[in-house]
Structures are given as C-alpha cells and as structure tokens.
Number of protein chains: 2
Amino acid sequence: MQEQSEKKGRILIAAMEIFGERPYDQVRVEEIAERAGVGKGTIYEHFTSKEVLFSAILEEGFQDYFRELVAAATPQQRATDKLRAVFDRHLSFISRHAAAARIIIGEWPVTRPELQEAMLGRYALLTGFVETLLREGVANGEFRPLDTAVVAQAIVGMFSSLLIYILFSVQVQEGVESQAQKLADFCLLGLASRR
Amino acid sequence: MQEQSEKKGRILIAAMEIFGERPYDQVRVEEIAERAGVGKGTIYEHFTSKEVLFSAILEEGFQDYFRELVAAATPQQRATDKLRAVFDRHLSFISRHAAAARIIIGEWPVTRPELQEAMLGRYALLTGFVETLLREGVANGEFRPLDTAVVAQAIVGMFSSLLIYILFSVQVQEGVESQAQKLADFCLLGLASRR
DNA sequence: GGAAATTGACTGACCGGTCGGTCAGTCGGA
DNA sequence: TCCGACTGACCGACCGGTCAGTCAATTTCC
C-alpha cells in the first residue's frame, strides 16, 4: 500500500493540533495516533521517538510560517509596505494556524534544552529577515537611521503579542485586522525618517 | 521547629531555579527537594502537589516582578520617564532573576490549561498597568492620541524580546542596558506627540 | 516522654517504545 | 487465469522504567 506518506501527513497534522493544545508532557502518543486514525506503532514507523516527532512539527511549522512571511514581503516595493505586509501575513498565519503558531512562536523562551539550538537558529532567521527589511528602509531613506538588530527583535516581540491576542482574544472589542494595522502604524511611526 | 516558613522559602527558591532551567515534566520533585536541602516529603508538607508548587511559584514570581515595575514607575513625574523607568526595571529584573522571568513571562502562550486562567489574569494586569502609563501620557499631551490597549500589548511583547535577548545573549555586541534604552527610544518615538 | 517535624524507601499509575502477528497487495510460475 | 509464497505496512497488547505522592519510622525539640 502506498499510504505511507499520506499517513505520515495525517500524523503530522494530528500531532500539530494536539501539541498546540497543551504542553509536551500532557500529550500522549496514543492520542495522536487516535486523532490521526492510525495505530500507535505506525507513528514509530515514521518517527523514532515522541521527541523527534515534536521537533519535526516544529521544523515543518516554522518553514511554512517563514515562507509565508517572505512571500508576503517580496512583491512590495517600499520597505514600509513590506513591513506592513509582513504584519498582515503574520496575523493571517496565526489566525489560520493557531496551534502551529503557538508551538513555533510561543515556545521561544521555554523550549526543552535539546531543541534549544534549533529554536535559536529559527529565531535568528526570523529576526534576520525583519532586519533586512529595516536595513532596506534605512538605506533608501524611508526609515531614520536606527539599530536594526534591536528593532528587529522588538518587532518579533510584537508578533508574539499578536499571537497572545489571537489565542485568547484578550479583551479589546474591534477586529483583529485593525489590531495588526495599529501595531504596524505604531511601529512605523517609530521608524519613520520624517521629523 | 519553626523552620516551616524558612524551609518553605528554600523550596520556593529551589523550585524557581529548576523550573526555570527546563520544562515542567523534566523537573523531578526529588531534585527540588535536594537543591532545597529538604526531604521530598517536606515539600508535600507545604504544597499538595507538584502542580500546586509550580503555580505558587508563578504567582510569587509575578507578584515580585509586578511590584518592581510599579515601584519603578511611581517616583517619576512624566509618563515618558515612567515608561523609560519601567523598561529599565524590566530589564534589571530579568537580569537578576532569569529563571523567574523565563517562567512568568516566557510562558504566556504555552501554559498548561489548568493555569491558563491565572496566566491571563496576570497578563491583563501587566498590560493594564502599561496602559495606564500610556493613558497618562496621552492625557497630558506627551504622547499622541493612540489606541492605548493595542500599544500596551505591543510593549509587553517587546518585553519578551528583551527576555529572549537576556536568556540567550543572542548576537549583538553591546551591553544590555543600551539594548533596553534603544527599545525605549524606538517605542517613545512611536508615541511622541510632536510632529 | 511525646508532639511535631522531617524523611526517604516504597508503591502504583502511567506511558513511551517494542515486537510478534495480521493482512492487503504483489508477482512469478503453473 | 489462478494460486500461494512473499513482503512490508500496520497494529495494539504488553513490558519496563520512571516518578508523584504516601506513610511508617526516625529525629528534633520542648
């Protein structure tokens, strides 16, 4: 039977959902198997351990996320627009993939030691990406001169505030889009070169 | 023996340290007992379960943190200075109490379901506090009119970026203080009322 | 002496990972 | 065309290790 990869996909999806719901130790492998409609043994056919499965999810989820952000920025001309588009896309991603987002973005500071290095690599990739946008803006005069590294980190930090907003719909009445736009506005004001 | 509370304190400290080092399930109660110089049973004299101990830490840690922020803001006159002082104090706190910070700030989006409500309460308290500073600034004209709720969340998000910076000393050469100052600058620029 | 505090050996639940068995599908030979 | 030996994906009952939490024994202090 050629279901192999199809089942592997189902396992990944189920695992993503469940790991997104509660922390690692509260997730039973058997439960993932059930949700994936698969025997427990089958999971070990594809992943050598629970932890390997978890880190596969992390990697896959992050790749999807990162790809989307990059794609959102690419078509734009001005750095300002790129940044705005990235904010939008970030928001859109976490709305569509709340579970994934919680894992790949929410776990930055908390990860298990074994995965820390990989996590930091991804974090650096993300801030690096934002930083290139900032540099671009500074280079062409859209933004004031600034410490791009620091601000890039700040922006990534704002991303996680949007994450929390989405996950828990913390107070605040209006829609989410306006939330993201306001964040972007606030951010861009801090960047703008005009006095 | 009246050591009760003294031992309880040692337990809390040890637990804080260890829970700060790695995730919940990788922490053995016995290990906490050892580090606290106490028998395992004694822990159960003070806390009915591992989870209760964990949530006690969360609460205690957050209270300390929050108190410090409030205290830092109080003596200042202008909202701008208050905000700056809060940034400083936040940084100072996470430098001094990395383990605690990792738990109380780093775990926002990831918490175990049972503790979620409490976590959200704390999160609301924190953003609420920042928001009052913003409102104050807006009221006396230091800041432009803005959606204080949104920006408050953004600022709390920036706090977590500083946390990651401290925890992992991600790239960036210069000292941490300047890091915090630059964040505050960036932030205040986005707030300033002057055109 | 004894009440209170402390302890750590012990127990039982729990769950990650294994492994022998099943069975659908394949294919060479009759 | 049919058969049956073979393959390997799939499964879930089971095993063994790991702790959280208990409690009888011990120590501490009055």
Side-chain angles (χ1 to χ4, degrees), chain A residues 1-60 103 107 110-116 118, chain B residues 1-60 99 103 107 110-115 118:
Chain A
M1 206 189 266
Q2 232 53 350
E3 302 303 338
Q4 295 171 337
S5 61
E6 191 256 331
K7 291 206 175 177
K8 184 170 181 180
R10 290 219 307 277
I11 293 169
L12 281 169
I13 291 173
M16 181 91 80
E17 287 173 11
I18 301 185
F19 279 124
E21 283 166 20
R22 58 205 116 90
Y24 186 84
D25 60 301
Q26 285 190 15
V27 172
R28 280 198 315 290
V29 173
E30 200 165 357
E31 192 186 355
I32 297 176
E34 275 166 26
R35 175 132 15 153
V38 160
K40 177 154 72 143
T42 305
I43 289 184
Y44 287 88
E45 214 65 33
H46 296 284
F47 306 94
T48 54
S49 72
K50 181 184 181 183
E51 185 135 332
V52 165
L53 170 57
F54 184 65
S55 93
I57 281 176
L58 237 40
E59 184 58 22
E60 170 134 328
I103 303 173
E107 289 216 345
V110 210
T111 342
R112 15 206 76 226
E114 321 82 56
L115 305 181
Q116 210 173 80
Chain B
M1 204 190 266
Q2 230 51 350
E3 303 302 339
Q4 292 174 339
S5 60
E6 191 256 331
K7 291 205 176 178
K8 185 170 182 179
R10 290 219 308 276
I11 293 169
L12 280 169
I13 291 173
M16 182 90 81
E17 288 174 9
I18 301 185
F19 279 123
E21 283 166 19
R22 55 206 119 89
Y24 187 84
D25 59 304
Q26 286 189 18
V27 172
R28 281 197 312 291
V29 172
E30 200 165 357
E31 193 186 353
I32 297 176
E34 274 166 26
R35 175 132 15 155
V38 160
K40 181 158 64 144
T42 305
I43 289 184
Y44 288 88
E45 214 65 32
H46 296 283
F47 305 94
T48 55
S49 72
K50 181 183 181 184
E51 185 134 332
V52 166
L53 170 56
F54 184 64
S55 94
I57 281 177
L58 236 40
E59 184 57 23
E60 169 131 330
I103 303 173
E107 289 216 346
V110 210
T111 343
R112 15 206 76 227
E114 322 82 57
L115 305 181

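In what follows, chains carry the letters A, B, and so on, assigned in the order in which the sequence lines appear, proteins first and then strands, with residues in each chain numbered from 1.
Between T42(B) and dT7(C) there is a side-chain polar atom (N or O) within less than 4.0 angstrom of OP1 or OP2.
Counting to the nearest Å, the C1' atom of dA4(C) and the CD atom of E6(B) are 17 Å from each other. A straight line from CD1 of I18(A) to C1' of dG16(C) spans 15 Å, rounded to a whole angstrom. The nearest whole Å value for the distance from the NZ atom in K7(B) to the C1' atom in dA4(C) is 12 Å. Between the CD atom of Q26(A) and the P atom of dC14(C) there is a distance of 14 Å, rounded to whole Å. Regarding I11(B), its CD1 atom lies at a distance of 12 Å from the C1' atom of dA5(C), rounded to whole Å. To the nearest angstrom, P of dC19(D) lies 13 Å from CD of E34(B). Whole-Å rounding puts the I43(B) CD1 to dC19(D) P distance at 15 Å.
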Contacts under 3.5 Å, N or O only, protein and nucleotides 20-24 of chain D:
| from | atom 1 | to | atom 2 | distance (Å) |
| --- | --- | --- | --- | --- |
| dA20(D) | OP1 | V27(B) | O | 3.3 |
| dA20(D) | OP1 | K50(B) | NZ | 3.0 |
| dA20(D) | OP2 | V29(B) | N | 3.1 |
| dA20(D) | N7 | K40(B) | NZ | 3.0 |
| dG21(D) | OP2 | Y44(B) | OH | 2.8 |
| dG21(D) | OP2 | K50(B) | N | 2.8 |
| dG21(D) | N7 | K40(B) | NZ | 2.7 |
| dG21(D) | O6 | K40(B) | NZ | 2.5 |

Would you be so kind as to tabulate the donor-acceptor pairs closer than 3.5 Å made by side chains of residues 13-21 of chain B, with sequence neighbours excluded?
| from | atom 1 | to | atom 2 | distance (Å) |
| --- | --- | --- | --- | --- |
| E17(B) | OE1 | R35(B) | NH1 | 2.7 |
| E21(B) | OE2 | R35(B) | NH1 | 3.4 |
| E21(B) | OE2 | R35(B) | NH2 | 3.3 |

For residues 51-59 of chain B, which side-chain donor-acceptor pairs fall under 3.5 Å, sequence neighbours excluded?
| from | atom 1 | to | atom 2 | distance (Å) |
| --- | --- | --- | --- | --- |
| S55(B) | OG | V52(B) | O | 3.4 |
| E59(B) | OE1 | R122(B) | NE | 2.9 |
| E59(B) | OE1 | R122(B) | NH2 | 2.8 |
| E59(B) | OE2 | Q63(B) | NE2 | 2.7 |

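E45(A) meets the side-chain contact (heavy atoms from CB on, under 4.5 Å) test with no other residue; sequence neighbours excluded. Judged as a side-chain contact (heavy atoms from CB on, under 4.5 Å), and not counting sequence neighbours, the contacts of V110(A) are E107(B), V110(B). With sequence neighbours excluded, the residues that form a side chain to side chain donor-acceptor pair (under 3.5 Å) with Q26(B) are E114(A).
Other residues, nucleotides and ligands contribute over 12 non-hydrogen atoms within 6.0 Å of the CD atom of E31(B).
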